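Fair warning: this is a prediction, and the values are worked out from it, not measured in the lab.
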Number of protein chains: 6
Amino acid sequence: MVRFDGRSENQIRKVKITLDYTKYAEGSVLIEMGETKVLCNASVEVGTPKFRPEGSGWVTAEYAMLPRSTHTRSRRDINSLKLSGRSAEIQRLIGRTLRSVVDFEALGEHTITVDCDVIQADGGTRTASITGALVALKLATRRMVEAGLISKDPVQGYAAAISVGVVDGVPMVDLCYAEDSNATVDMNVVLNEEGNIIEIQGTGEERPFTNEEYSKMLSLARRGIKKLINAQRKALGE
Amino acid sequence: MVRFDGRSENQIRKVKITLDYTKYAEGSVLIEMGETKVLCNASVEVGTPKFRPEGSGWVTAEYAMLPRSTHTRSRRDINSLKLSGRSAEIQRLIGRTLRSVVDFEALGEHTITVDCDVIQADGGTRTASITGALVALKLATRRMVEAGLISKDPVQGYAAAISVGVVDGVPMVDLCYAEDSNATVDMNVVLNEEGNIIEIQGTGEERPFTNEEYSKMLSLARRGIKKLINAQRKALGE
Amino acid sequence: MVRFDGRSENQIRKVKITLDYTKYAEGSVLIEMGETKVLCNASVEVGTPKFRPEGSGWVTAEYAMLPRSTHTRSRRDINSLKLSGRSAEIQRLIGRTLRSVVDFEALGEHTITVDCDVIQADGGTRTASITGALVALKLATRRMVEAGLISKDPVQGYAAAISVGVVDGVPMVDLCYAEDSNATVDMNVVLNEEGNIIEIQGTGEERPFTNEEYSKMLSLARRGIKKLINAQRKALGE
Amino acid sequence: MVRFDGRSENQIRKVKITLDYTKYAEGSVLIEMGETKVLCNASVEVGTPKFRPEGSGWVTAEYAMLPRSTHTRSRRDINSLKLSGRSAEIQRLIGRTLRSVVDFEALGEHTITVDCDVIQADGGTRTASITGALVALKLATRRMVEAGLISKDPVQGYAAAISVGVVDGVPMVDLCYAEDSNATVDMNVVLNEEGNIIEIQGTGEERPFTNEEYSKMLSLARRGIKKLINAQRKALGE
Amino acid sequence: MVRFDGRSENQIRKVKITLDYTKYAEGSVLIEMGETKVLCNASVEVGTPKFRPEGSGWVTAEYAMLPRSTHTRSRRDINSLKLSGRSAEIQRLIGRTLRSVVDFEALGEHTITVDCDVIQADGGTRTASITGALVALKLATRRMVEAGLISKDPVQGYAAAISVGVVDGVPMVDLCYAEDSNATVDMNVVLNEEGNIIEIQGTGEERPFTNEEYSKMLSLARRGIKKLINAQRKALGE
Amino acid sequence: MVRFDGRSENQIRKVKITLDYTKYAEGSVLIEMGETKVLCNASVEVGTPKFRPEGSGWVTAEYAMLPRSTHTRSRRDINSLKLSGRSAEIQRLIGRTLRSVVDFEALGEHTITVDCDVIQADGGTRTASITGALVALKLATRRMVEAGLISKDPVQGYAAAISVGVVDGVPMVDLCYAEDSNATVDMNVVLNEEGNIIEIQGTGEERPFTNEEYSKMLSLARRGIKKLINAQRKALGE
């Protein structure tokens, strides 16, 4: 089967990770997965929220789409005075994922906020955000080490995310918007370097799915994420 | 291993489903899973949101915790003028799950809103909400059929949800709060009667988890949900 | 004259006060006045708002109706981003009433917030809230004394509230919703054990009322509140 | 006993009602009760809110204090994004009172909004608002009749409001701020021309009060309101 | 050419500056420019916002229109939960202007907030606000010196504002509403005593304007502002 | 004098206008003025706001800065639930400017919203937004003509904006952030092709400025804008 954009089922889109896309953030990354483009900016601030124990850092994320990143313009959240439920859900997911790879003692009393702003959306913006945010985070902590702010890099290992789904009965990886909106099953997977699961979210959009489908989708995700982690390493020169 | 409250790993808490807990809602259910208590009220309204196609219905959910449903009092959302991100995430999950079992043509141009208000929280409020909301929904649609508003029940089959997790290295089902706050891995599973997956959300809270752990947790969930669906049937007299 | 639900003009509805309805609040009470059901949870926190003098405590209240506590579903405040004017008015009334029986020096630098959440509304929710909140408050302060947090109970005496009104020309006590919505005159009365007035709010809904009507309504209220204070005492085992 | 500002217990402050204080409103009134000054502007709009029956009008009120109408500056509501609970309570009271004297059939499908903006606050702003708002309302409806928009004046009779209270054990009428903040009992009374009660709100600020105190306060209010209604008539040239 | 209200092109409206219009504010001024009336109240508070350097004061302004200060009633900002963009723009302008004449060292750690509330709007409310706010500010700082709170007056010199515009091809000063809404070019000018520019904002409402038109408008503004500064001096008795 | 970044006083920064920076907007432009980068996306929608006359179109703008477009991260507006006053002011300016060059009859009943999102801020973001927004607008209307939606281009001629200021006593054009934050005088100028003034906003940040300084700044602005209009033409291939 040939997909919408000529890819095979197990082929991810062309990934491009541009470091230092903007100049002020401690870690700035533009990640492109095909036509999906997300700007991930990591900002380091001294101090942590009140709920954190002494001596320990914090990492959080915010996610938003520019009004015309999509086919039709969407209203800015500030105009309805409400953060969209979808954005709330996604930024919680990004934050949890980032925190899962951070040693908060090593980070010390710093807060790192990673802003994921979607410039252009063609499916998979939440997974692209995670993959890009991790690079921005690593860039920021590396500079903290270089600047002598902390003594060792608090980011422990790599992690990346990809979407998988079942479209027209066929499991496939890294869905673009056209595929995503026709998927009967939709799953977002975040794995670490060892292929272990950091986060998994599967939804039977049109019908429930079987554990066999789950297994096929997970294998596809595993292969795709391996490539993404390679791209992360390469971008960071490791 | 004996758990905190004397249960074995594969044992769910005592479930109690009380129908018609309040008298105005078209479907009213109090679900208790051990000490967790959620009031699920389904309200039927004529008409649907603008984004729905003609002749087709809609189902949505709202979720909130009463301020003192938890160990310490939490501020009402209205006082901070923001829906908590957690509530936003959960009510989207409940809504998606309910919609996955509804035939919108059969529902006709009606909107059913299921309000899940947590009276007392001892872990698993989102899964209890899903399990209770489905009963409230079925109660409401059954009455719509009886009243001649619609000709056939739009709710297709049963579905229920349970939490599973890994605590002290041991996979277990239906975590209470004390277990949940110590879980290294946490997963919420929604299955239908056939045991197929409607929604799955797994998080490596403290560390990534393996596919083997996933499989063990899914089996535990499957057994637990079977019991919950039995309780749903029994409550509804089917 | 026989009323809607069989009562005489001077007869209040069956009152039921359940202590410890939930398990986390320092004082938890479910009050039922006929079909009206309000959950009153008192939460104790250390510290007071800035505007309070040193060494002195504070008591406040919040009031809300669950979306489907009424005949038709009402929108949650958080969705319109505004506390309803009615709720604002009612929670100010409950707070004033509670504060009128508290010795703030004896309470010390603690804040007690009583949440009154209406589970089911059949008229008289504000007066039921007051009557129930006072029991929840007493429960909480009694436990503070038992725990040695304070040395004497800061709640001085009893107080309760009831609605009275004129329906079809007849003054009557404790109006249910069907009566309330047909009342030409509507009055809410809060009295202490001695029958003195803590708060009185009367409205000529359909026409102004005379001082004679006022006097008749006040006598009805006085008798009703005597019964309610007895119920409070009995519930608290005093 | 001589009061703070030289008045006797049963003496109201100098009342001054200036018509057409601003030039655009259909009815514009500046009411001064001693040092308390409230601008009451009645605006007529065609159409009514959805909840009104066909052929029937609506009257509503809004109340706000200018930031420096008081001893110390208060923050504008828009800066905290919340209507103050006190303003919410007061504008509901003003609206109810105005509606009690209006024949909605005679008003036809018009909405009249009376804005009560406090320029300077020296106690009794809510009662001054009511007394002034009624004149602004009458001014607006008189002009509607003159302009042929409606055939008869929908405002039926007069009504005015005054505060009464017990200060240092002495019942007195029309409390200024210095008295109000020392009152043990505080009551706001709205009466019509016949002296019947439209609205009554009494609070035992420092201690409960007896029915005898109530009666004394009501007599004081009745005499004061008679003078206010005379002032209203005179201002309107009736 | 004779203008709408009989003035010549270079004639400003009758200006009236009433000191101590309200009694609580440290500086209270009602400024009337023809039918435009703005109440300017300056409030002094101890302390400054966090962003200010130690030992240095702050001056800020807020601007709002009463709902019926205009031909048709406008909704209060609090009801839409949004400060109008126009008010935001204007209060930033007033604040910048006031700050341009203040020596913050001399003011010490005090914050002065000038509230400009429009009672009646007939064009030029923002420039009237500036002219009146400066008098209110001077009144407040003069009293601070008199009270010994500060040793020298931090307000350095005078400043006032006026609107100019091109209507029917004719440049004219101090536009009333009828003129303003027909202006092809509209400019607001703030000058100091020496006639130097503190702020200038020109808009080609209907068409771009030439530098020659700018020059003519600036001369008109300069003459008008000279008169306004005289009025300010006179009002302050200097 | 040599400036911070090597430019002469009358030299603007390198301007780069990239068309079709994103793929969904009807007109998408990335404008770069040195290190300042703004994404301007024009979205066309059928229909106009209620306040517009029949047969006539509307053009509006929104402006926002990405959280880390600046030296230190700023909070998103949605988190404080308030549009920043600065953004409100700027988007009103952009909107007015765009509307000044549009023939609304020719546009027909369409609304064009131009979103200006600042990717990186190094001074002059509001003027860069205007210059870029006009190109995005022209791109969108050109495509409307090509698509046959309208018969002639409603955008009449070119317009661009630049900042000018006085730094260390020297008037200069196109201030970067380091210059802007040291400017004693700051002016933003919007001119059309003929060099006439569409909008002018000058502020004496540190001291008032003379008309001579105004004239020098305007000449600098005129030369700079000529270059910007050339860049606009070239980018659009005209």
So what's closer than 4.5 Å to chain B heavy atoms on A/R86: side chain, backbone, both or neither?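 Both parts, heavy atoms under 4.5 Å.
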Side chain, backbone, both or neither of A/T203 within contact of chain B (heavy atoms, under 4.5 Å):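 The answer is both parts of A/T203.
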Count the heavy-atom pairs under 4.5 Å between each of [options] and chain A, then report the option with the highest count.
options	answer
B/G202, B/S215, B/G204	B/G202
B/A88, B/P208, B/S87	B/P208
B/I200, B/V101, B/L191, B/L93	B/I200

Salt bridge present between A/E206 and B/R99 (N-O < 4.0 angstrom): no
A/E89 and A/R126 ion-paired at < 4.0 Å: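 The answer is yes: the pair qualifies as a salt bridge.
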Check B/V190 against B/A161 and note the closest heavy-atom contact, atom names and distance. CG2-CB, 3.9 Å
Checked A/I197, A/L83, A/I198 vs chain B; the most non-hydrogen pairs under 4.5 Å come from A/I197
Most contact-rich option vs chain B, by heavy-atom pairs under 4.5 angstrom, among A/R92, A/Q201, A/E199, is A/R92
Any donor-acceptor pair under 3.5 Å from B/N192 side chain to B/G195 backbone: yes
So among B/T125, B/D117, B/D115, which one has a side chain to side chain donor-acceptor pair (under 3.5 Å) with B/Y63? B/T125
Is the ring pair A/F51/A/W58 parallel, tilted or perpendicular, if the boundaries are 30 and 60 degrees?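 Perpendicular: the ring planes of A/F51 and A/W58 meet at over 60°.
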